[in-house]
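First comes the structure, then the notes that go with it.
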Amino acid sequence: MDFAHIIAPKTPSAWLDMDALDHNIALVNQKTQAVKLRLATKSIRSLDVLRYIKDNSPHFIGLMSYAADESLYLLENGFDNILCAYPTLDRASVAATFDYTKQGATMIWMVDRPEHVDVLNEVGKIHDVVINICLDINMSMPLPKLYFGTKRSALMSIKDVKKLLKHIKKCRHINVSAAMGYEAQIAGLPEHLPGKALLSPAIRLLKSRSQKQVSKRRRSIVEYLNKQGYTLKLVNGGGSGSMDFTSSQPEVSEITVGSAYYKPAYFDYMDSMHEFQPAAGFVLPVTRQPEKGVITCHSGGFIASGATGADKAPVIHYPEYLSLLNDEGFGEVQTPMAISKAKKDGNAPRLSIGDVVWCRHAKAGELCEHFNELICYRQSAQSTTDGFARSEGTRPIINTKIKNQVMTTYRGKGKCFH
Ligand SMILES: Cc1ncc(COP(=O)(O)O)c(C=O)c1O
């Protein structure tokens with residue numbers, strides 16, 4: 001997007017670069033064509049965007065949701081084939097999905113412990129429904145002094161699975177229909193964390209060792225389930241950072257992708273994401289100038305989830321010669337920024353009150369928790385049948401804001417899922 005020439009219709013606001021989104025959609029489709037594609041809703045958090053990606057992804061199979069009430073909301077809004085990726089205790093929402101599953105919709109719930117199964121079995125029993133479940137296989141690599149992966153699932157070996165299956169066999173309202181092995185330490189861990197350059201070779205080495213273990217473990221557990229007579233509708237794996245690896249794994253029938261579409265700042269630090277383009281962010285107005293060399297924008301915060309660190313702060317996307325102040329970071333309701341003389345090139349615009357600063361969130365879906373809508377911009381001169389305004393040829397864009405062309409976020413619909 002040509003940030004130098006775009007006029008944001010309002011600030012603060014969130015932006016969605018439709019050209020970059022299209023580029024990312026095409027790249028995901030190309031990289032994952034060997035398997036089916038499931039969209040990670042937590043990394044999109046907008047029904048409009050989910051529909052847009054779905055409509056442009058030929059091997060789209062369904063959604064990976066993050067909460068039971070969100071799964072219900074997706075069914076209510078016409079989506080089908082939903083895999084809720086994290087175990088739930090929300091009995092009411094599970095029960096409410098039966099209105100849709102009885103009409104033929106597919107809804108699968110994640111488990112890795114008997115307690116998860118019991119909750120679902122209890123709800124199934126009350127409503128006389130058999131519930132489809134997915135076994136979450138832990139793909140982490142525990143080493144003597146380092147746990148390389150995430151601490152979520154209690155199922156790491158065939159022995160663990162066998163034990164859980166023994167419990168499941170006693171549950172008449174449960175059907176094992178899927179398995180998931182999400183290799184988070186490969187798909188979601190950047191090699192180049194800010195200020196941690198020395199760790200890069202070690203992370204690369206660990207990732208490559210871990211790939212071998214992931215292949216072996218996921219495959220052997222799927223084979224075991226097949227041998228035991230379970231007919232798996234799907235074997236899910238991967239995430240944005242592991243598209244090449246996961247799509248090449250024979251036991252995997254589908255991959256989940258979310259963050260790659262917006263390509264937030266955290267993914268800039270990942271080797272496998274270099275071809276993707278930043279497609280979403282937010283724009284803040286400059287409202288103050290406390291001293292020479294410092295401007296202050298209205299709004300701030302927007303720190304991403306996870307272990308706290310510099311990699312969780314938003315990044316300034318344009319103009320590039322700005323930097324954050326250590327004392328205030330990304331602010332609260334105001335964010336001061338230093339104008340770096342060294343970086344400022346001769347042609348870069350001089351910022352004054354009323355100008356804007358374009359930024360990107362570190363994580364994908366979390367951006368949408370702060371804005372009711374993503375304002376769509378498009379620059380390329382293609383067909384205009386979709387109603388997006390475009391510039392003609394190579395003329396600079398004056399205002400690429402598209403009338404009525406916004407993508408409403410979950411938040412904009414008054415929804416907040418946890
Ligand atoms: C279970 C699971 N699958 C897949 C993903 C990948 O999502 P993304 O592509 O947004 O990184 C995640 C992200 O945390 C996840 O928790």
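Index from 1, following the sequence. In listed order, ligands and their atoms are each counted from 1.
- Between the side chains of Asn236 and Thr256, at least one donor N or O lies within less than 3.5 Å of an accepting N or O.
- The shortest heavy-atom contact between Glu366 and Ile303 is OE1-O, 4.2 Å.
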N or O contacts of ligand 1 with protein under 3.5 Å, please list pair by pair.
from     : atom 1 : to     : atom 2 : distance (Å)
ligand 1 : 9 (O)  : Ser240 : N      : 3.0
ligand 1 : 9 (O)  : Ser240 : OG     : 2.6
ligand 1 : 9 (O)  : Gly258 : N      : 2.8
ligand 1 : 9 (O)  : Ser259 : N      : 3.4
ligand 1 : 10 (O) : Ser43  : OG     : 2.6
ligand 1 : 10 (O) : Ser259 : N      : 2.8
ligand 1 : 10 (O) : Ser259 : OG     : 2.6
ligand 1 : 11 (O) : Ser259 : OG     : 3.4
ligand 1 : 14 (O) : Lys42  : NZ     : 3.3
ligand 1 : 16 (O) : Tyr86  : OH     : 2.5
ligand 1 : 16 (O) : Arg152 : NH1    : 3.3

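- No side-chain donor-acceptor contact under 3.5 Å links Thr88 and Asp90.
- No side-chain donor-acceptor contact under 3.5 Å links Ser210 and Glu183.
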One pair to check against side-chain contact (heavy atoms from CB on, under 4.5 Å): Tyr52 and Leu16. What are the steps and the verdict? CA-CA 12 Å; Tyr52 184 86; Leu16 183 60; over 6 Å; no
Give the intermediate values and the outcome of side-chain contact (heavy atoms from CB on, under 4.5 Å) for residues Ile158 and Ile221. CA-CA 6 Å; Ile158 292 186; Ile221 290 181; 3.9 Å; yes
